[in-house]
Amino acid sequence: GGVQNLLDLLQVYAGRGAQQTERSASIVASTLGALANLAIHPENQAAVREAGGVRRVVDLLATTEHLPRVAERAANCLENLALDRENREAIRQLGGSAGLVRLFVSENDDWVRAAAGALKNL
């Protein structure tokens, strides 16, 4: 369904690494925003987890610190995914807490707000 399509889109565009363009970073940020919106609903929280999406979002958080909007949206997505107990455990086990703390102590106010929201749910 829609969750899997969004995760597939993240895989394609986020996998570009150093070849990340402004356009692909914008697509990743928008896709993370859509996932964050879907993750408000419990049935979507489970769907994202079952499709491997929690790992994908945590991995993006760890590798996109140089892309401000992507890091912020990844934190927003984790905030909503962390409303689910199993997702909270997965986020912690995958190292998501450390990535959120890195954002929380940054100089970027948007990152601090996003990270604080996610950390409060963990």
Next on the checklist: My understanding is that only residues two or more places apart in sequence, or in another chain, count here; which of them pass salt bridge (Lys or Arg N to Asp or Glu O under 4.0 Å) with R69?
Outcome noted: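 Per chain and number, R69 pairs via salt bridge (Lys or Arg N to Asp or Glu O under 4.0 Å) with E72.
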Item to check | All salt bridge (Lys or Arg N to Asp or Glu O under 4.0 Å) counterparts of R113, not counting sequence neighbours | outcome: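 Checked R113 against salt bridge (Lys or Arg N to Asp or Glu O under 4.0 Å); matches are D110.
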First locate atom [atom1] of [X], then atom [atom2] of [Y], and finally report the distance between them rounded to the nearest 0.5 Å.
X: L94; Y: L61; atom1: CG; atom2: CG; value: 11.5 Å
X: R56; Y: L6; atom1: CZ; atom2: CG; value: 11.0 Å
X: Q93; Y: R55; atom1: CD; atom2: CZ; value: 10.0 Å
X: L9; Y: N5; atom1: CG; atom2: CG; value: 8.5 Å
X: L32; Y: N37; atom1: CG; atom2: CG; value: 11.0 Å

Next on the checklist: Are V3 and I40 linked, directly or through intermediate hydrophobic residues, by side-chain heavy-atom contacts shorter than 4.5 Å (ILVMFWY only)?
Outcome noted: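 In one cluster: no.
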What are the two closest heavy atoms between [X] and [Y], and how far apart are they?
X: A90; Y: V54; result: CB-CG1, 4.0 Å
X: A25; Y: V70; result: O-CG2, 3.4 Å
X: A71; Y: L103; result: O-CD1, 3.8 Å
X: S106; Y: V112; result: O-CG2, 3.6 Å
X: N80; Y: A36; result: ND2-O, 2.7 Å
X: A114; Y: A75; result: CB-CB, 3.6 Å

Checklist entry - Listed by chain and number, what are the side-chain hydrogen bond (donor to acceptor under 3.5 Å, both in side chains) partners of R88, not counting sequence neighbours? => result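 Checked R88 against side-chain hydrogen bond (donor to acceptor under 3.5 Å, both in side chains); zero matches.
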Checklist entry - Sequence neighbours excluded, which residues qualify as side-chain hydrogen bond (donor to acceptor under 3.5 Å, both in side chains) partners of D84? => result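 Once residues adjacent in sequence are excluded, the partners of D84 under the side-chain hydrogen bond (donor to acceptor under 3.5 Å, both in side chains) criterion are R49.
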Checklist entry - Is there side-chain contact between L10 and L35, with heavy atoms separated by less than 4.5 Å? => result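 Side-chain contact under 4.5 Å: yes.
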Checklist entry - Hey, does V12 have a side-chain heavy atom less than 4.5 Å from the side chain of I27? => result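 Counting from C-beta outward, I27 and V12 never come under 4.5 Å.
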Checklist entry - Taking the side chain from N44 and the backbone from L38, do they hold a donor-acceptor pair closer than 3.5 Å? => result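 It does hold such a pair.
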Checklist entry - Do the side chain of N121 and the main chain of L83 share a donor and acceptor less than 3.5 angstrom apart? => result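 Absent.
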Item to check | Set of residues satisfying side chain to side chain contact (heavy atoms under 4.5 Å, CB included) with respect to Q4, sequence neighbours excluded | outcome: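 Residues passing side chain to side chain contact (heavy atoms under 4.5 Å, CB included) with Q4: L7, D8, A51.
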Item to check | Contact list for residues 33-45, test salt bridge (charged side-chain N to carboxylate O under 4.0 Å, His left out), sequence neighbours left out | outcome: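 Qualifying pairs: none.
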